[in-house]
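First the structure, in the form of structure tokens, and then the observations on it.
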Amino acid sequence: MSERRVRVRFAPSPTGPLHIGGVRTALYNYLFARQHGGDLIFRIEDTDSGRFVPGAEEYIIESFRWLGIKFDEGVSFGGDHGPYRQSERRDIYRKYVKQLLDTGRAYIAFDTPEELDAKRKEVENFQYDASTRMQMRNSLTLPEEEVKRLIDEGCQYVVRFKIEPGREVLVNDLIRGEVRINSSILDDKVLYKSADGLPTYHLANIVDDHLMEVTHVIRGEEWLPSAPLHVLLYEAFGWADSMPRFAHLPLLLKPVGNGKLSKRDGDKLGFPVFPLEWHDPKTGEVSSGYREKGYLPQAVVNFLALLGWNPGNDHSELLSMDELIQLFDLSKCSRNGARFDYIKAAWFNHQYLIQQPDEAWVPDFDRLLQANGIQSTPEKEAEVVRMMKLKVIEYTDSEGNKKKRNISFVSDLWPLTRFFFVAPESFDREDKFIRKNWKETTAQEMRTFMEVLQTVEEDFSVESQKAVVDPWVEKSELRPWNAWRICLVGAGQGPDMYELSAFLGKEETLRRMQFAIDSLG
Ligand code: GLU
């Protein structure tokens, strides 16, 4: 076979928001396409009209725009293999359904749902296949005129794939190697329904991959059971020579426990399973998204890329999209499920967040402050970011243990930075830090310190303060820092004291000191 241009596709069904596992699938397709200088196609598989959800398609497109995953062709992107929405390709599929019927690879079946139910009750583990199809009402058992008459009368029917039993079907998977199954376990899948004039997923998927010249099918493990059927369909159409290579990606597993990652895990542990916030048009339910949660798209991409693949020990875990494109290796993807480590996701976000200039934090930080009733300026906000972005915060893990972590989201800055904007209103005398650092003599020392600060130049810069305070500290042998912190912060936290007092300015600094002296005595 001559070298074909690499063409891959991401083919979601618009049945709701895109799950984070789907994002990973699309990302791997994107990395693979870019690496090989090929094309990535965006196809909408909407042949199941009953499951269509309005807004889902737009949501998916917006998700990839945000993540920086770009498509070369497809719905909303154009291209010369369209239309790319399956509901707009009815006539194309009809031709191929007819081909299978004409060549005897498929047949028409009239069995009603009631008849099928009755059969299921009658025959244990009933499956519509070579062992049962001759007992059913279909074009293999009914006379030709009868079939024609039923169709002319408008009887609903389906077209079923006629699977030849006892054959070994080989799926050659780039990740899983050779997967062999016996065709006898497969049922005669429905390929087309007269009721809506649409093919089912299997037929549309194969026909489109063929017509769109797809060379590699990279998709989630949940599609592996369909692969033997797909191989047989390629053969039945006479397309075996140009059949795409398969690569079934490992499942994403729950952060704790067994089984695959679900929305419930996210709800329980407090992380999103969707790229963007999703507003369910039917129930009105809102599900959180990575974007709204404060993730940077680069962090999400980096985190997802390493769920099921890694570049080996010689490489840092921090990889840009360009580096991922270079290093990605489909054949080195894991066969085992990848545990969804949401704490690691937050770690990645921290890494990317601190690489950003302080000013880049400002829009989100400003929104956060405003939501808490605080007005400030971009300059002041960037200044606070600079002082606080490397602090750690405490959190409680899923087992109830107190832990510390880096600031991973702009929203982590609240309540950590409240004191920059709001002076302490009271002091907790039971607080360990206050008990330890506010003694009998402290109020008097702070009064003296206030007199020293009065003499600092009005700009109250770190340098101006140091010029006056450092020599005084040395001479007086007083250590005012912790008590001063209590005055300005109200607790044992915050940035360097000179930086904080410079930020607050002389007047506010002295005002807070006076208030603490009056309150704590
Ligand atoms: N429409 C399928 C989905 O929703 C596509 C599966 C495939 O890639 O073949 O994931």
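All heavy atoms count here, side chains included; hydrogens, waters and symmetry mates do not. One-based numbering, in listed order, for ligands and for the atoms of each. The structure displayed is predicted, hence computed values, not measured ones.
Residue Phe10 is tested with Phe77, Tyr84, Phe64 for a ring pair (Phe, Tyr, Trp, His ring centres under 6.0 Å); the sole match is Phe64. With His216 as the fixed residue, the side-chain contact (heavy atoms from CB on, under 4.5 Å) test singles out one of Asn29, Asp209, Val6: Val6.
Residue Arg9 places a heavy atom less than 4.0 Å from ligand 1. The closest approach between a heavy atom of Phe10 and any atom of ligand 1 is not below 4.0 Å.
Residues Pro281 and Pro54 share a closest heavy-atom pair of CG-O, 3.8 Å. Nearest approach of Ala56 to Gly16, heavy atoms of both residues: CB-O, 3.4 Å.
A cation-pi geometry, defined here as NZ or CZ lying under 6.0 Å from the six-membered ring centre and within 45° of its normal, does not hold between Arg90 and Tyr93.
In summary, the side chains of Ser194 and Gln156 do present a donor paired with an acceptor at a separation below 3.5 Å, with no hydrogens or angles considered.
For atom 10 (O) of ligand 1, the closest non-hydrogen atom on the protein side is Trp223 CZ2, 3.3 Å. From the protein, the heavy atom lying nearest to atom 5 (C) of ligand 1 is Ala11 O, 3.1 Å.
Comparing Arg43, Arg219, Glu222 against atom 7 (C) of ligand 1, the shortest heavy-atom distance belongs to Arg219.
Ligand-side atoms of ligand 1 in range of Glu45: 1 (N), 2 (C), 5 (C), range being under 4.0 angstrom from any heavy atom. Taking a cut-off of under 4.0 Å to the non-hydrogen atoms of Asn205, the atoms of ligand 1 that pass are 7 (C), 9 (O).
Using a 4.0 Å cut-off between heavy atoms, Val217 makes no contact with ligand 1 at all.
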